[in-house]
Amino acid sequence: MTEPVIDTYATIFDIQSFSINDGPGIRTTVFFKGCPLSCLWCHNPESHTTGVQLMYHSNLCTHCMQCVGACAQGVHGMRDVNGRLMHTVDSTLCIGSGECLKVCCYHALSLVGQRVSSDQVAQRILKDSRYFTVSEERGGVTFSGGEPMLHVPFILELVKKIPGIHICMETSGYAGRKAFEEVMPVVDLFLFDYKVTDAELHRRLCGADNTMILENLEYLYEQGKDIILRIPLIPSVNDTDEHFDGIAGIMKRYPRILRAEIMPYHTYGLAKSGELGLEPSALLPRQGATDEMVDTWLEKLAERGCTKVCRS
Amino acid sequence: MNHWKVRNPREDLSFEINFTKAHREAVAAYSHPAQIELALLKAQYPAILMPIEETDILAGRIQFGLVGLGIQGQTGGTGYYIDEPRVTEALEFATGNAQYRENLHDMLTYWKARNTYEQVLRNTPSDIRSIIPSEQWKTQPVAASPIIRMAGAFIDFDKLVSIGIPGLRKEIAAAKEACPDTGNDPVYFDCLDGALDVLVDCCHAYADFAIAEAGTTQNPQRKVEMQSLADACIAITSRAPSSLLEAIELCWIYGLMCPLIEFGRMDEYLGDWYAHDIDAQVITEEQALRMIQNLFVLIDSLDCETDGRVIVGGYGRRNPVNADRFCLAACEACRTVKEILPQFTLRFDKDTPPEIWDASMRCIGEGRTFPLLYNDEVLIPAVMHAFDVDRARAETYMPLGCGEIEFDHYSFGSPNGSLGTLKVLELAIHGGFDPVGKTYLSFKSPTLAECSSYEEFAAIYKNHLTYFIEAQAKYEKYLYEAIGKRHPFMMVSMLYDGCLATGKGIFDGGCQYLAGSIELYGNVDSANSLAAIKRLVFEERTMSAREMITALDNNFVGFEQQRKAMMDVPKYGNDDAFVDDILLDLHNFLCETVRKQAPKVGLKSYLCVNINNAQNTTLGRWVGATPDGRKSGMPMANANNPASGTDTNGLTCMLNSIVKLPHDNMAGMVQNLRFTRETWNNKDGKAQLLVRDYFERGGAQLMVTVVGKRDLELAMAHPEEHTDLIVRIGGLSARFVNLKKDVQQEIYDRTSY
Ligand code: SF4
Ligand code: SF4
């Protein structure tokens with residue numbers, strides 16, 4: 001009799017191949033669902049909760065109304081707009097049964113979040129493995145999210161099945177020390193967020209203060225890990241002089257950090273919130289960062305002696 | 001019908017009237033088709049040549065008539081043609097006198113049954129006609145359709161440039177002298193020589209245009225340029241070319257008289273003069289570039305979309321160093337002449353200089369889609385196998401028009417039939433019956449509902465495919481014979497191997513490697529459909545064949561759940577073995593079945609192609625709903641690319657899928673890749689590495705589109721066809737079509753071209 005194999009599961013919301021901006025080389029990025037923080041400007045609001053969520057892409061909807069009959073919860077409805085029936089969605093009622101997806105032939109509905117086993121993910125990654133070697137700088141897998149550090153047991157199981165592949169961890173740094181201790185040996189490069197310098201502002205904007213994050217950064221640095229700092233900059237929210245001082249300070253304190261990458265704010269997250277039926281924060285700018293803003297930011301950092309910075 | 005790009009087109013139809021008169025007189029006076037053709041060449045040239053335009057530094061504008069002598073649709077028509085709708089229109093709106101109107105009426109009735117198209121169609125043997133009855137594939141549901149044309153002449157420009165008109169005359173004279181020994185007909189050679197007289201007339205006509213332009217311009221520099229252009233046009237009438245300008249003009253004017261729309265290995269035949277003139281300081285690099293740019297503009301002015309190939313690079317060029325120098329300049333011309341033609345094609349191999357590769361990548365990066373990339377390392381062995389030729393011959397391969405492979409001035413492989421494999425699948429599902437046209441288009445067979453296994457159904461489908469393929473192969477052979485009897489195409493023949501030695505026209509026994517090809521459309525959709533049938537009906541048994549057929553016959557109305565189930569079966573393009581293997585099996589079956597026909601019908605080879613053009617859309621229009629979830633009338637997948645929106649596993653898996661299909665048993669396939677500008681221009685060149693890797697693992701051909709403004713507009717208007725478009729915003733990538741309109745607009749606004 002063969003032993004039943006027990007696999008580990010996690011909820012992810014996407015796997016993106018030919019990912020060229022999340023670490024060296026050509027990569028495959030696994031996006032995990034669930035995040036302990038709740039940064040106002042999040043690009044991936046669908047990653048916040050751990051559960052499954054309905055997403056409605058109004059651009060693709062043909063208003064065929066097939067979904068209306070398919071959903072017992074009354075999520076999908078209709079409304080008359082100038083004599084034309086238009087489809088409406090109330091996601092708060094959704095229980096994630098997926099029945100409506102079975103009838104929508106226009107890719108206008110999706111459920112965000114998929115329970116997957118480490119085997120499934122490993123197999124998907126292995127299909128891409130040859131692409132990891134085409135550049136001089138090896139590509140590989142990037143774990144992102146959401147907060148991938150919430151899924152350390154899954155990740156440890158998964159990396160055993162994809163030996164020899166370069167691993168990047170894109171993290172907010174907000175996780176217990178033990179999780180970092182466990183995962184550290186299998187991670188080749190950390191893409192570590194640095195969001196707000198002031199602890200109190202950090203708490204207000206991201207839902208928790210940054211003490212633990214900074215301690216983890218120090219720990220990983222002390223352990224000699226490769227680190228790239230990722231810096232989301234949101235005009236009139238965190239592009240303060242104090243923050244630029246903070247960034248420059250970190251880069252000075254930890255000279256072995258490979259570089260800092262600026263992630264300019266984009267309204268994409270706002271639009272996604274809409275698709276999820278969420279109300280975005282009133283604090284957020286309704287316009288994305290312009291190229292000129294990014295140039296100014298880079299100048300400010302340069303003034304502070306911080307040169308290992310680029311835009312992502 | 002083309003609208004040749006000339007600034008002041010001829011409005012009245014006196015050329016057409018004269019041409020008709022000339023034909024009437026020629027058939028009364030002569031019996032040899034070459035004599036008739038010569039008379040018609042005289043009637044057509046230089047009459048249809050047009051003046052030099054202000055922006056041109058080369059002579060070479062032309063406007064083909066509504067009646068005339070051509071070789072394929074884009075040159076007006078095949079053989080003696082008439083554009084009936086436009087002549088009729090001219091008649092309805094004619095302003096000329098009574099005599100003029102009588103002439104137009106005469107023209108219509110004269111050509112009605114005399115034009116080559118009509119004659120070829122009418123005489124098609126009934127055993128072929130009964131299977132492929134209609135060439136009206138645009139307006140009628142058909143499974144397979146004949147295409148009347150002689151597409152793809154690649155003449156020996158290299159020889160033309162090296163020996164010139166006098167050299168050709170000498171060869172003709174020698175062949176004529178040998179007639180008593182060879183048994184060839186001397187009349188044919190007299191006609192060839194006569195055709196060269198017409199060519200000389202054309203050179204003089206352009207010289208006159210140049211002199212006229214020199215006389216009118218106030219610009220002293222232009223005066224000088226026009227004067228030397230006139231000198232060049234006159235010089236080439238009596239000696240071989242001795243400069244780049246002369247070489248270009250000779251090739252161009254000769255080409256117009258074929259009439260030709262493929263421009264072959266331009267780097268080989270122009271490379272030496274390019275290098276010579278620059279090295280000898282006859283002209284500067286800038287002047288040479290201007291000439292090439294203008295040559296490209298002239299090619300574009302022929303308005304022969306899907307053709308107009310200029311091929312550079314690759315193995316087998318006699319002068320690689322000079323050719324590569326030309327090649328670089330041509331890349332720059334391609335980058336800067338932002339027209340849809342020429343279809344600039346780079347053949348590359350492991351020795352291709354990096355600067356040529358870089359120049360090509362730059363050109364692609366600017367959204368030109370050119371050069372189309374052909375990998376010699378893979379294609380040459382594949383071509384050797386598919387066509388059964390040696391390496392030296394294979395190195396002369398030329399992709400014509402949409403990508404059918406031929407050999408430079410040696411073989412002719414006109415694609416004269418198309419097969420809609422998805423339509424055939426629809427027929428097979430319905431036992432030979434076409435639910436769109438409500439008639440039997442194929443033989444009667446058991447329907448899908450009457451099959452007890454997937455294998456049984458697949459075998460029936462293949463029988464239907466074979467039925468059409470056999471008829472198409474016979475048709476190809478018939479067409480060559482029918483055309484060969486009527487048309488010597490002397491200008492083409494003179495520069496095709498074998499024609500002078502045999503004293504015969506290219507399609508009448510002159511060409512030593514007469515081949516053919518059949519265009520396949522719908523293979524990917526068929527494989528996806530077969531996968532759905534296999535999985536749902538026979539493996540999982542979650543849908544009965546009857547239920548499936550009912551859903552299809554109702555175009556899924558009321559059967560959305562069934563449609564979604566069909567859509568959810570794995571689709572080709574995701575590196576999924578289940579469906580990829582089905583396509584592989586279908587692909588190999590089709591390639592081998594087509595290939596087997598050559599000896600049966602008496603062609604050197606007969607091969608299939610999977611290419612890009614609009615037929616995936618036009619043929620799809622008449623195919624009802626299919627088991628891949630495609631709705632009635634919707635387009636089919638383009639060439640061997642995944643059906644739009646179905647490659648959900650991303651670029652890497654799509655590439656994994658497409659490299660599975662072999663190309664050593666067919667005459668050409670086309671792959672498309674699409675990148676956004678940011679991705680393509682990624683500072684580490686990651687997209688280009690992906691392309692390199694694709695070629696290293698056996699990719700034969702690639703067309704890269706770097707998405708510009710126009711593409712984004714299309715994606716906004718038709719999101720369902722652009723679900724694969726990934727854009728970079730802020731710090732992340734997203735599917736363009738999933739973005740809100742305002743975000744899309746913002747991306748559009750910041751895309752600069
Ligand atoms: S089924 Fe899809 S396309 Fe139809 S109304 Fe619902 S969401 Fe829109
Ligand atoms: S997932 Fe289920 S509950 Fe949610 S909208 Fe669709 S059918 Fe309704």
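Counting heavy-atom pairs under 4.5 Å between each of A:M55, A:R124, A:H57, A:H107 and chain B puts A:R124 at the top. Among the candidates B:L655, B:L651, B:N649, B:D568, the residue making the largest number of heavy-atom pairs closer than 4.5 Å to chain A is B:N649. Of all the listed residues (B:Q561, B:M567, B:E560), the one sharing the greatest number of non-hydrogen pairs under 4.5 Å with chain A is B:E560.
A distance of 14.0 Å separates SG in A:C105 from CZ in B:R630, rounded to the nearest 0.5 Å. With values rounded to the nearest 0.5 angstrom, B:T652 atom OG1 is found 13.5 Å from A:R27 atom CZ. Taken from CG in B:D575 to CG in A:D128, the straight-line distance is 8.5 Å, to the nearest 0.5 Å. In this structure, CG on B:D684 lies 8.5 Å from CD1 on A:I20, to the nearest 0.5 angstrom.
Under a cutoff of 6.0 Å and an axis angle of 45°, B:R692 and A:Y131 do not form a cation-pi pair.
Using a 4.5 Å cut-off between heavy atoms, A:C104 touches chain B through its backbone atoms (N, CA, C, O) alone. Only the backbone of A:P24 comes within contact range of chain B, with heavy atoms under 4.5 Å apart.
Shortest non-hydrogen contact noted between A:S17 and B:G650 is OG-CA, 3.5 Å. Closest approach of A:K127 to B:C653, counting heavy atoms only: CD-SG, 3.8 Å. Across all non-hydrogen atoms, the minimal contact from A:V134 to B:L689 is O-CD2, 3.7 Å.
Between the side chain of A:K102 and the backbone N or O of B:K564, no donor-acceptor pair lies under 3.5 Å. With hydrogens and angles ignored, the 3.5 Å screen pairs no side-chain donor or acceptor of B:K686 with any backbone N or O of A:S135.
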